[in-house]
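Note sheet for the following structure.
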Amino acid sequence: MSLFVPIFFAVYSLLHYYAYRKLSSVFGLPLWGRLLLIVLFTFTTLSPAVWRLLDRRGLNELAQPLAFAGLMWMGFLFYFFLVGIVMDIYRRFHSPTPRRAFFITLIASMA
């Protein structure tokens, strides 16, 4: 059990890094946009620990909405990664534009 938490956060951080790379490469974000994305992804990466701590302290009114949003984001990010990998493999053999491939990945992840 003691290895689960670091492995979980390592994998979850890598999923965020994948999404960050996709977003920044497709949209060519300026520095402030990349920094904002880093702050947002850092918050979403740490949100499972935050809502777990809030839950342990008895602050269920704060923990439940944060947990719901965090788990929805986690599920979306997982699907985004899976569909993105498939799309990356597809792009090796066919050449849709990176922006088009990103939007196909985004739409397929939400379905």
Query raised in the report: Do other residues, nucleotides or ligands put more than 12 heavy atoms under 6.0 Å from the CZ atom of F27?
Result: yes
> Mind checking whether F102 and L23 have side chains closer than 4.5 Å, heavy atoms only?
Replying inline: yes
request  = I would like to know whether F80 and M110 meet side-chain contact (heavy atoms from CB on, under 4.5 Å); could you show each step before the answer?
outcome  = CA-CA 8 Å; F80 182 82; M110 290 190 283; over 6 Å; no
M72 atom CE, over 12 foreign heavy atoms within 6.0 Å:
no
Output for pair (M87 CE, R100 CZ), nearest 0.5 Å, gives 8.0 Å
Here the side chain to side chain donor-acceptor pair (under 3.5 Å) pairs for residues 101-111, sequence neighbours left out, are none
**Message:** Take a 6.0 Å sphere around CZ of F76 and say whether it holds more than 12 heavy atoms from other residues, nucleotides or ligands.
**Reply:** yes
Requested in this report: Spell out, yes or no, whether I104 and V86 are grouped together once hydrophobic residues are joined by side-chain heavy atoms under 4.5 Å, including indirect joins.
Outcome: no
Does atom OH of Y18 have more than 12 heavy-atom neighbours, drawn from other residues, nucleotides or ligands, at distances under 6.0 Å?
-> yes
dist L82:CG -> F78:CZ (nearest 0.5 Å) comes out at 4.0 Å
Take a 6.0 Å sphere around CZ of F9 and say whether it holds more than 12 heavy atoms from other residues, nucleotides or ligands.
yes
When rounded to the nearest 0.5 Å, the distance separating CG of L71 from CH2 of W51 is 4.5 Å
With F41 as partner, the option from V39, L37, I38 fulfilling side chain to side chain contact (heavy atoms under 4.5 Å, CB included) is L37
F8 atom CZ: more than 12 heavy-atom contacts under 6.0 Å | yes
Taken to the nearest 0.5 Å, the spacing of F103 CZ from L106 CG works out to 7.0 Å
Interatomic distance, CG@L59 vs CG@D55, rounded to 0.5 Å, equals 9.0 Å
In terms of heavy-atom contacts, G70 and S47 come closest through CA-OG, 4.1 Å
Pair H16 + Y20: ring centers closer than 6.0 Å
no
Interatomic distance, CG@L62 vs CG@L54, rounded to 0.5 Å, equals 5.5 Å
